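All residue numbers in this chain count up from 1 along the given sequence. Values below: all heavy atoms of this structure, side chains included; hydrogens, waters and symmetry mates excluded. What you see is a predicted model, and the numbers here were worked out from it, not measured in a lab.
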Amino acid sequence: MCGICGFTKLEPTTSRIGTEYLKAMNDQMLLRGPNGGNEWLEPRNQCGLGHRRLSIIDLSENAFQPMSNEDGRIVVSFNGEIYNHADIRRELENLGGHTWKTDHSDTEVILHAYEQWGMDCLEKFRGMFAIALWDGRDDTLYLIRDRIGIKPLYYTTYNGILTFASEIKALLAVVDRKPEINEQAMYDYLSFLTTPGEDTLFAGIKKLRPGYFLQIRGGHIRAVRYWDVWDHTRPEVYTADEESIKEMLLAELRTAVQLRKEADVPVGVFLSGGIDSSTNAALFSETGTGAVKTFCIGYDHDYSSYQNETAYARKMAEFCGAEYHERLLNQDDLFSFLPEMVRLQDEPIADPVCVPVYYVSKLARDNGVIVAQVGEGSDELFWGYEGWKHFLRLSKANALPVPAFIKRAGLGLLNLAGRGDRNYYEFLRRGAGGEPVFWAGAEAFYETEKKLMVSERLRRELKDYSSFEAIRPTYNTFRAKAWEQSHLNWMSYVDLRHRLPELLLMRVDKMSMGVSLECRVPFLDHKFVELAMSIPERLKTKNHVSKYILKETVRGVIPDELIDRKKQGFGVPVHDWFAGRLGTEMRKEVNFFAKESGLLDESYTDHLFDDASKGHRLWYLFNLALWWKMFVYGDL
């Protein structure tokens with residue numbers, strides 16, 4: 001795990017940028033790479049690459065980056081891990097023609113794999129990565145993001161130069177312009193808790209989408225999608241019996257966990273006591289010597305909105321012979337972390353779970369662990385969210401053969417009755433407009449409410465815009481490619497393309513990197529994802545049991561007590577804390593943002609705070625307000 005940055009010129013320019021430009025970006029990413037930083041400049045100043053290193057695999061100086069091939073014409077700066085690098089290296093050695101300078105660096109495998117197969121080398125990589133690769137043979141820069149989007153990569157074009165980095169802060173350090181808010185992206189943020197697609201909340205700064213690479217050559221930028229799960233699902237799984245599918249799932253998951261043990265530094269596991277993290281801990285403990293270190297976060301006492309799961313985590317640690325560490329948080333921990341949380345996020349990741357993710361990462365780092373396995377991804381692949389059952393019922397109702405004009409008439413009646421701000425109005429509106437009912441596994445505010453929430457100016461400018469446009473390309477791909485166009489497959493796919501990479505995985509990356517810890521995600525190994533998305537809906541929802549096929553797969557691996565207990569999920573007692581100091585602080589900051597930015601309706605947002613039940617939703621506005629105050633207004 002590292003931080004990467006760099007530039008390439010898009011047009012001839014007298015602008016002389018060099019190592020100081022790269023170093024300014026590198027200096028913003030010290031936590032991503034506390035073990036060293038380096039810069040490389042192409043001799044004609046056409047390209048430059050920077051790197052901050054967190055040493056994980058091959059700790060020798062020979063493995064430092066940016067790294068070049070034998071003749072120096074191909075150079076790479078790489079963030080992440082290629083878990084199957086040893087297998088690829090053996091294949092390359094058997095083919096011959098490659099000279100190696102490291103013992104077992106996965107970075108060097110990327111170089112020689114590209115030499116051998118060109119961009120087809122990506123098909124070989126099993127891992128998480130953000131890669132910048134310069135090919136001096138034809139003056140081409142490639143920027144590559146892994147299939148699932150576990151590692152972030154941002155870029156901007158300015159004064160004829162394309163500049164990229166692992167963090168937005170690094171770009172802000174060198175781009176000579178005042179940060180401005182992308183107002184349409186903010187409108188989308190109010191739906192999705194993050195900015196979907198390639199947008200960010202910073203005007204002019206984009207992020208590379210998962211499963212894509214950019215080819216920058218001769219001043220032209222070309223985006224290429226190299227992976228989509230629907231191109232790699234397995235037809236034989238659809239017709240397989242339940243027992244066979246369970247065997248395939250367990251074998252693939254066991255492989256994914258074992259691959260993610262690969263490191264030359266200590267590796268641990270985040271453990272909540274739920275199915276996913278418990279399975280990680282159990283499979284991790286199957287091989288190797290010594291007890292795995294596990295880490296759990298709870299709170300100073302049980303709250304009405306969140307009860308601790310630490311007792312289950314302790315039971316699981318005892319079950320697999322693990323070493324167990326926990327920390328209990330209180331509201332003071334939240335407040336002391338808030339400014340740093342906003343700085344680490346770069347742009348709002350409107351999920352209060354950022355707070356416990358940071359503290360569990362710090363707990364692991366303080367106990368000597370440099371790498372941790374985490375459980376993200378399972379709920380999206382196996383229908384693990386209870387709220388999805390509600391959306392499934394709504395989606396089935398929307399699919400009934402009711403003409404659109406009747407739905408539109410229903411909308412008119414609701415408006416006349418003054419019910420146009422209700423949730424069911426929004427779902428009927430989507431159905432009448434030919435949109436799916438389900439947009440994402442986490443939605444903050446619906447379209448009708450957003451139109452009331454934003455300022456009058458923004459309301460006029462966006463009056464014909466719907467945030468569905470941000471996910472419409474994903475919906476079109478689903479309709480064109482999905483082999484089973486079920487409601488559940490749509491729900492899994494849209495979250496796989498948006499909520500997971502831009503919200504859940506982003507919070508893990510940003511918060512863990514805040515303490516120089518690498519996090520790995522076995523459930524999002526792309527081979528496991530391809531297998532999971534090949535399973536028919538009838539086995540994911542059998543007997544209306546959430547995560548049915550996964551639960552049956554891991555029986556015997558973890559205790560039945562953990563499998564059959566009610567799902568809770570990793571949370572924060574925001575609802576309880578909202579009644580005290582947190583609610584007061586949130587109201588102050590959101591009102592200040594509404595007044596000073598001119599983007600929100602002050603009276604409407606102030607009115608929201610009169611309903612304590614909206615505490616979680618108001619956190620999304622609070623996170624936005626704190627971000628704007630730090631990065632745009634310039635005072636936090």
Side-chain angles (χ1 to χ4, degrees), residues 1-3 30-36 52-65 78-86 102-107 126-129 150-151 254-273 276-297 313-314 316-327 356-376 508-525:
M1 189 75 70
C2 306
L30 293 174
L31 291 173
R32 284 187 175 268
N35 301 127
R52 293 291 325 175
R53 189 181 192 203
L54 175 61
S55 302
I56 303 289
I57 294 175
D58 195 333
L59 310 184
S60 70
E61 290 188 7
N62 286 339
F64 270 61
Q65 302 179 48
F78 158 57
N79 170 28
E81 308 291 349
I82 307 299
Y83 301 119
N84 62 334
H85 66 94
T102 70
D103 291 332
H104 60 286
S105 164
D106 55 345
T107 306
R126 193 166 181 171
M128 57 179 185
F129 45 84
I150 302 169
K151 305 315 302 170
R254 181 172 276 123
T255 297
V257 171
Q258 294 304 315
L259 281 172
R260 282 156 184 77
K261 293 176 70 172
E262 166 75 9
D264 295 327
V265 295
V267 182
V269 176
F270 288 179
L271 182 59
S272 69
D276 309 329
S277 66
S278 297
T279 299
N280 277 348
L283 296 179
F284 191 104
S285 301
E286 286 182 341
T287 60
T289 59
V292 60
K293 290 184 177 181
T294 61
F295 306 94
C296 182
I297 286 293
R314 285 193 291 268
M316 187 60 213
E318 183 179 356
F319 177 81
C320 61
E323 182 181 320
Y324 178 76
H325 303 266
E326 74 174 41
R327 176 172 174 176
V357 170
Y358 172 83
Y359 280 108
V360 74
S361 299
K362 187 175 187 303
L363 181 64
R365 199 64 161 89
D366 289 346
N367 282 277
V369 163
I370 311 298
V371 176
Q373 294 197 10
V374 300
E376 268 73 7
V508 170
D509 173 84
K510 299 296 178 69
M511 297 303 105
S512 63
M513 281 287 90
V515 297
S516 305
L517 179 84
E518 172 175 294
C519 283
R520 299 175 175 180
V521 198
F523 281 100
L524 292 177
D525 180 283

Residues D58 and S60: side-chain donor-acceptor under 3.5 angstrom =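 Looking only at side-chain atoms, S60 and D58 do form a donor-acceptor pair, the distance falling under 3.5 Å.
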task = Examine the side chains of Q258 and T287 and answer whether a donor and an acceptor come within less than 3.5 Å of each other.
result =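 The answer is yes; a qualifying pair exists.
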Quick check for you: to the nearest 0.5 Å, what is the distance between [X] atom [atom1] and [Y] atom [atom2]?
X	Y	atom1	atom2	value
C296	M316	SG	CE	13.0 Å
S361	M513	OG	CE	9.0 Å
E286	F284	CD	CZ	11.5 Å
N35	L30	CG	CG	11.5 Å
I57	D103	CD1	CG	13.0 Å
I297	S272	CD1	OG	11.5 Å

Taking the side chain from [X] and the backbone from [Y], do they hold a donor-acceptor pair closer than 3.5 Å?
X	Y	value
K293	V269	no
N84	R126	yes
D525	A256	no
N79	G3	no
R365	S516	yes
T294	A322	no
N280	V257	no

Side chains of [X] and [Y]: closer than 4.5 Å at any heavy-atom pair?
X	Y	result
M128	V521	no
Q65	F78	yes
C2	R52	no
V267	V369	no
I370	I56	yes
S278	L271	yes

Grab the two heavy atoms, one from [X] and one from [Y], that are nearest each other, plus how far apart they are.
X	Y	answer
G375	D276	O-CB, 3.7 Å
C519	V374	SG-CG1, 3.9 Å
S55	V265	O-CG1, 3.6 Å
A281	S285	O-OG, 2.8 Å

Any carboxylate oxygen within less than 4.0 angstrom of a Lys/Arg side-chain nitrogen, looking at [X] and [Y]?
X	Y	answer
R32	D509	yes
E518	R520	yes
E81	R260	no

task = Kindly indicate, with the supporting measurements, whether the criterion side chain to side chain donor-acceptor pair (under 3.5 Å) is fulfilled by H325 and D366.
result = CA-CA 11 Å; H325 303 266; D366 289 346; over 6 Å; no
request  = Any chance you could lay out the side-chain contact (heavy atoms from CB on, under 4.5 Å) test for D264 and H104, step after step, and finish with the verdict?
outcome  = CA-CA 10 Å; D264 295 327; H104 60 286; 2.8 Å; yes
key: Neighbour count >12 (heavy atoms, 6.0 Å) for atom NZ, K362   =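 No, not enclosed.
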request  = Show your working on side-chain contact (heavy atoms from CB on, under 4.5 Å) between Y359 and R327 and close with a plain yes or no.
outcome  = CA-CA 8 Å; Y359 280 108; R327 176 172 174 176; 3.5 Å; yes
message = Once you measure the plane-to-plane angle for F295 and F270, does it fall in the parallel (<30°), tilted (30-60°) or perpendicular (>60°) bin?
response =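 Answer is perpendicular, since the angle exceeds 60°.
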